[in-house]
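Start at 1 with the first residue, then count along the sequence. Both ligands and their constituent atoms are indexed starting at 1 by order of listing.
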Amino acid sequence: MSMLRKTVRKAVIPAAGLGTRFLPATKAMPKEMLPVVDAPAIQYVVEEAVSANLTDILMITGRSKRALEDHFDGAPALERTLELKGDQTRLDAVQYSSGLGPIHYVRQGEPKGLGHAVLCARQHVGDEPFAVLLGDDLIDERDELLTTMMRVQAETGGSVIALIEVEPSQISAYGCADVVSVEGENYVRVNSLVEKPDANEAPSNLAIIGRYVLHPSVFEVLENTEPGRGGEIQLTDALQTLATADGVGGGVYGVVFRGRRYDTGDKLSYLKAVITLASDRAEFGEDLKNWMKGFLA
Ligand code: G1P
């Protein structure tokens, strides 16, 4: 057997969710388009993939997601207007998002869960390891995660998940991993996984966050994964199969992330993410912080 391992080139971004947590804001607009300061949340995620050199991007979308395609496409009339006005700054901002592409799209068709969304990428991805980035998690560009995970994937030949330590009371909002350390390595081996366990049944306080680098054998497993929690086909359940399957898919490993992560998955976390990122902006960060001091007093 060849020792040559395929490098990760493709990123899959599931974006087919209905965004019910943000209703009514998401009645006619994809939740991925909610602005985080001045760019839609999804743009940060695409940017992260591109900076990790994943230039082949597949977005899993669905009904009412057209704004996503428009955002990453050229906008000739708008660009022409800005050009005529000589507004180079805004023209650059508009052209930036279409310059990140090309982006491929496939529609999920039915809301059958994250595992099913990833399975929709099968034909595009083929037989090579690939990354999955969930739009609800934003990773600070100053911190390293995806490239570390890609390195661990290359080293182990398996699948790699991203983990954070959470308060035990928070674990039921996440997939949870039981792990063992690997001597001399900066990653852990995953023994088992469970999707959103009750706090008193969780095997650890290690929560799965929205970055994965997966072995292509996950597709075959997903095909055979029955609906799990919430009646949905769970990616966590497929990874549990890979973690316990002897040899198939090379096992599952975890990278424990200790950097800055901004959750935009529910209203309160989203507001915190916007304020945190806005406070870092050179244009108005200081003004915002000064205003907040007065507001809180
Ligand atoms: C999904 C996964 C879950 C993971 C989470 C991270 O859940 O199923 O295992 O912990 O993403 O954001 P969701 O938040 O889509 O319900």
Fill in: Worked check of ring pair (Phe, Tyr, Trp, His ring centres under 6.0 Å) between Tyr270 and Phe22
CA-CA 10 Å; Tyr270 166 78; Phe22 287 93; 5.7 Å; yes
Discussion item. Please evaluate residues His116 and Gln108 with respect to the criterion side chain to side chain donor-acceptor pair (under 3.5 Å), reporting the C-alpha separation (whole Å), side-chain torsions for both, the decisive distance (0.1 Å), and the verdict.
Written reply: CA-CA 8 Å; His116 179 256; Gln108 188 180 7; 2.9 Å; yes
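Residue contact check: Leu134 has heavy atoms under 4.0 Å from atoms 11 (O) of ligand 1.
From the protein, the heavy atom lying nearest to atom 2 (C) of ligand 1 is Glu195 OE2, 3.6 Å. Counting protein heavy atoms only, atom 10 (O) of ligand 1 is closest to Ile208 O, 2.6 Å.
For atom 14 (O) of ligand 1, the nearest non-hydrogen atom from the set Gln234, Arg229, Lys196 belongs to Lys196.
Between Asp127 and Arg122 there is no salt bridge, since no side-chain nitrogen of the basic residue lies less than 4.0 Å from a carboxylate oxygen of the acidic one.
At a 3.5 angstrom cut-off on N or O pairs, Tyr212 does not count as close to ligand 1. Checked by distance only, ligand 1 and Gly175 come closer than 3.5 Å through their nitrogen or oxygen atoms. Annotation: Thr236 places an N or O atom under 3.5 Å from an N or O atom of ligand 1; distance criterion only.
Under a 4.0 angstrom heavy-atom cut-off, Leu235 registers as lying outside contact with ligand 1. Under a 4.0 angstrom heavy-atom cut-off, Asp137 registers as being in contact with ligand 1.
Under the 30°/60° scheme for interplanar angles, the aromatic rings of His124 and His104 are found to be tilted.
Going from atom CD1 of Ile139 over to atom CG of Asp137 covers 6.0 Å, rounded to the nearest 0.5 Å.
Within a 6.0 Å radius of CD in Glu141, no more than 12 heavy atoms belonging to other residues, nucleotides or ligands are found.
Side chain to side chain, Asp92 and Thr89 fail the donor-acceptor criterion of an N or O pair below 3.5 Å.
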